[in-house]
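Numbering of residues begins at 1 and proceeds along the displayed sequence.
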Amino acid sequence: MSPRSKSFDVNDALSRAVDVFWEQGYEGASMQDLLERMGISRQSLYDTFGDKRRLFLSSLQYYMDEYASMVYSELEAPGASMDAIRNFAQHAIESADSQVAHRACLMVNTVMEFGRKDEDVAAMVQAHQRRTVAAYANALTGAKAAGQIDADADIESLALFMTANGLGTLVMLKSGASAEDIRRQLGTALSFIERTE
């Protein structure tokens, strides 16, 4: 085994680190918690990821690459339209009754914890937000082409509206909002963008 080879799966370790940060936040996650959940030694963590802050940045990137890609896959797909947006909303409604509702979204949790005090973290959060807007814009463009929303609809404005609405939904989920509250709130948002003359 070469000195540079790893005795553990880096992606698996990162996935486990994501879970810790997602559940406990950056400040709340102790090094001991991280090491135990990742199943690696302190030296392995330092050698592979650097310090806790750099591990957190790597975890945010992993979240964006893996979790967000899975969640946004339908919105980002070619030909996506209102069905994709409705399904995305339905997922949020179902999440309200799940055991992971309190975790909300790692990116939302991160911006609530950090604000803009760390430039690297803020840049990653902003990149995630731009991706969210683009994903909605893709589906809304398809909806417009299919005649599901007004022909003169401003896609960019609606995408920003849905992104802001989604962020608010995640905060509501984290605070313990009921599935019925989430359903009513998202239903109002969907009825707004689907309004046609």
Side-chain angles (χ1 to χ4, degrees), residues 11 14-15 18-19 21-23 58-112 121-197:
N11 284 335
L14 265 180
S15 177
V18 165
D19 283 338
F21 287 127
W22 202 345
E23 293 165 6
S58 295
S59 297
L60 291 179
Q61 188 62 58
Y62 184 87
Y63 177 88
M64 293 168 68
D65 293 341
E66 300 295 328
Y67 291 85
S69 292
M70 177 177 64
V71 170
Y72 291 154
S73 59
E74 192 171 359
L75 288 175
E76 294 177 330
S81 60
M82 280 305 304
D83 282 346
I85 297 173
R86 290 190 204 98
N87 290 342
F88 195 69
Q90 183 61 35
H91 175 73
I93 295 169
E94 293 169 356
S95 295
D97 283 334
S98 75
Q99 294 299 310
V100 298
H102 69 281
R103 298 204 313 180
C105 166
L106 178 59
M107 287 300 182
V108 171
N109 296 347
T110 297
V111 77
M112 291 172 69
V121 172
M124 296 184 78
V125 170
Q126 289 163 8
H128 179 73
Q129 181 172 302
R130 287 193 298 271
R131 179 179 185 176
T132 306
V133 173
Y136 272 120
N138 178 66
L140 287 163
T141 298
K144 188 173 185 178
Q148 297 168 337
I149 62 176
D150 287 345
D152 61 352
D154 183 333
I155 297 299
E156 185 68 16
S157 293
L158 287 179
L160 288 166
F161 166 75
M162 291 304 295
T163 297
N165 183 77
L167 293 174
T169 299
L170 289 164
V171 173
M172 289 177 68
L173 282 171
K174 193 170 181 66
S175 68
S178 69
E180 176 59 19
D181 285 344
I182 297 299
R183 184 193 65 75
R184 291 170 60 194
Q185 176 260 321
L186 289 173
T188 299
L190 290 174
S191 67
F192 175 79
I193 66 172
E194 290 185 275
R195 186 176 301 144
T196 57
E197 295 179 356

**OP:** Can you measure from CD (Q148) to CG (D83) and round to the nearest 0.5 angstrom?
**Re:** 6.5 Å
Original post:
From Y67 OH over to D19 CG, what is the distance, rounded to the nearest 0.5 angstrom?
Top reply: 4.5 Å
Original post:
Which heavy atom of G142 sits nearest a heavy atom of S81, and at what distance?
Top reply: C-CB, 3.8 Å
Original post:
Nearest 0.5 Å, what's the OH-OG1 distance between Y63 and T110?
Top reply: 8.5 Å
Subject >> Spacing of CG belonging to D65 relative to CG belonging to L60, to within rounding of 0.5 Å >> reply: 11.0 Å
Subject >> Distance-minimising heavy-atom pair for I93 and A179 >> reply: O-CB, 3.9 Å
**OP:** Look only at the side chain of S175 and the backbone of M172, and say whether a donor-acceptor pair between them is shorter than 3.5 Å.
**Re:** yes
**OP:** Give a yes or no answer on whether the side chain of N138 reaches the backbone of L75 with a donor-acceptor pair at less than 3.5 Å.
**Re:** yes
**OP:** Specify whether Y72 and F88 have parallel, tilted or perpendicular ring planes, treating 30° as the upper limit for parallel and 60° as the lower limit for perpendicular.
**Re:** tilted
Original post:
Do Y136 and I85 come within less than 4.5 Å of each other through their side chains, counting heavy atoms only?
Top reply: yes
Original post:
Could you walk me through whether D181 and Q185 pass the side chain to side chain donor-acceptor pair (under 3.5 Å) check?
Top reply: CA-CA 6 Å; D181 285 344; Q185 176 260 321; over 6 Å; no
Subject >> Gap between atom CZ of R130 and atom CD of Q126 - 0.5 Å precision >> reply: 6.5 Å
Subject >> Shortest non-hydrogen contact from M82 toward E194 >> reply: CE-CG, 3.3 Å
Original post:
A89 and L186: which non-hydrogen atoms are nearest, and at how many Å?
Top reply: O-CD1, 3.4 Å
**OP:** Over all heavy atoms of both residues, which pair between I155 and L140 is shortest? Give the atoms and the distance, please.
**Re:** CD1-O, 3.6 Å
Subject >> Of L106, V121, V125, the residue whose pairing with V111 passes side-chain contact (heavy atoms from CB on, under 4.5 Å) >> reply: V125
**OP:** Go through V18 and E66 one step at a time and tell me if the side-chain contact (heavy atoms from CB on, under 4.5 Å) criterion holds.
**Re:** CA-CA 11 Å; V18 165; E66 300 295 328; over 6 Å; no
Original post:
Would you say E76 has more than 12 foreign heavy atoms packed within less than 6.0 Å of its CD?
Top reply: yes
Original post:
Is the side chain of R131 donor-acceptor paired with the backbone N or O of M64 at a distance under 3.5 Å, no angle test?
Top reply: yes
Original post:
Does D154 reach the main-chain N or O of E156 with its side chain, forming a donor-acceptor pair under 3.5 Å?
Top reply: yes
**OP:** Take Q90 and R86 through the test side-chain contact (heavy atoms from CB on, under 4.5 Å) and record every step on the way to the result.
**Re:** CA-CA 6 Å; Q90 183 61 35; R86 290 190 204 98; over 6 Å; no
Subject >> Whether T163 side chain and A159 backbone form a donor-acceptor pair below 3.5 Å >> reply: yes
Original post:
What's the spacing between L190 CG and N165 CG if we round to 0.5 Å?
Top reply: 8.0 Å
Original post:
Below 6.0 angstrom between ring centroids: does that apply to F161 and F192?
Top reply: yes
Subject >> Contact check, side chains of Q61 and L14, non-hydrogen atoms, under 4.5 Å >> reply: no
